[in-house]
Amino acid sequence: QVQLVESGGGSVQAGGSLRLSCSASRYTYIMGWFRQAPGKEREGVAVVVRDSGLRYSDSVEGRFTISRDNAKNTVSLQMDDLKPEDTAMYYCAAGDAWVGPSLRPSDFTYWGQGTQVTVSS
C-alpha cells in the first residue's frame, strides 16, 4: 500500500501562485497531479516519470512546474499565473509501472485525498 498526503491548497486571486506538495509512504516510479472540477471529468495536470520524463496538460503548460525528490518520496506542483478556470480539487497520484509521462488516470494506482484550489477574479 502507498499512502499519499497533499498539502498547499488554498484560495488566491487570479495571477497569484500556489505550491502543492505531496508526500508518499514509499518511492514510486510515476507521480503526478490531477484535478477535478464539479461536473467535469478528472483531468491530468502534470506528471513526472522517475528522474526525467515530464508532461503537462496544454492548459497549464508554461504556468505550472512539477518536480520530485526521490530521496524524500515527494512531488510538488508550482502553480503560477493562476486563472479562475484552474479552480478544482487537486489530487496527487502515483504508480509503479513504467508507462511514460501519461496524463491518463488509469495509469496511476494510488491516490491522495485531494486539496482544494480556488482562484477568484
Yes or no on side-chain contact (heavy atoms from CB on, under 4.5 Å) for S17 and Q78, after CA distance, side-chain angles and deciding distance? CA-CA 8 Å; S17 298; Q78 178 66 41; 4.0 Å; yes
Trace of the side-chain contact (heavy atoms from CB on, under 4.5 Å) decision for Q116 with T87: CA-CA 8 Å; Q116 180 67 40; T87 296; 4.0 Å; yes
Decide side-chain contact (heavy atoms from CB on, under 4.5 Å) for V117 and V119; before the verdict, give the C-alpha distance in whole Å, the side-chain angles of both, and the deciding distance to 0.1 Å. CA-CA 7 Å; V117 171; V119 185; 4.2 Å; yes
For the pair Y56 and T65, evaluate side-chain contact (heavy atoms from CB on, under 4.5 Å) and give the outcome as yes or no after the intermediate values. CA-CA 8 Å; Y56 296 93; T65 303; 3.9 Å; yes
Step-by-step side chain to side chain donor-acceptor pair (under 3.5 Å) determination, E43 to S57: CA-CA 8 Å; E43 173 192 16; S57 167; 3.3 Å; yes
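More than 12 heavy-atom neighbours from other residues, nucleotides or ligands sit within 6.0 angstrom of OH on Y27.
One hydrophobic cluster, built from ILVMFWY side chains closer than 4.5 Å, cannot hold both Y29 and V48; they sit in different ones. Residue I66 is grouped with residue M31 when hydrophobic side chains (ILVMFWY) are merged at heavy-atom distances under 4.5 angstrom, including chains of intermediate members. Using a 4.5 Å cut-off between side-chain heavy atoms of Ile, Leu, Val, Met, Phe, Trp and Tyr, with links allowed through other members, V5 and W111 fall into different hydrophobic clusters. Put simply, Y91 and L18 are part of two different groups of oily side chains (I, L, V, M, F, W, Y) that touch within less than 4.5 Å, one to the next. Side-chain heavy atoms closer than 4.5 Å link hydrophobic residues (I, L, V, M, F, W, Y) into clusters, and following such links, even through other members, never connects M89 to V12.
Closest approach of A24 and L4 over heavy atoms only: CB-CD2, 3.4 Å. Of all heavy-atom pairs between A88 and A37, the closest is CB-N, 3.9 Å.
Residues R26 and Y110 bring a donor and an acceptor atom of their side chains to less than 3.5 Å of each other.
Geometrically, R42 does not engage F34 in a cation-pi contact defined by less than 6.0 Å to the ring centre and at most 45° from the axis.
A side-chain hydrogen bond (donor to acceptor under 3.5 Å, both in side chains) with S59 is found for exactly one of R35, E85, K83, namely R35. For the salt bridge (charged side-chain N to carboxylate O under 4.0 Å, His left out) with R63, the lone residue among D81, D80, D86 that qualifies is D86.
Under the 4.5 Å side-chain criterion, counting only non-hydrogen atoms from C-beta, V2 is in contact with T28. Looking only at side-chain heavy atoms (C-beta outward), C92 and V75 come within less than 4.5 Å of each other. D107 places none of its side-chain heavy atoms less than 4.5 Å from the side chain of I30. Counting only heavy atoms from C-beta outward, the side chains of L77 and V45 approach each other to under 4.5 Å. Residues Q13 and S121 are not in side-chain contact: their nearest non-hydrogen atoms beyond the backbone lie 4.5 Å or more apart.
The backbone N or O of G114 lies less than 3.5 Å from a partner atom in the side chain of E6, making a donor-acceptor pair. At distances below 3.5 Å, not a single donor-acceptor pair connects side-chain atoms of Q3 with backbone N or O atoms of S25.
The aromatic rings of F64 and Y90 are tilted relative to each other, their planes meeting at an angle between 30° and 60°.
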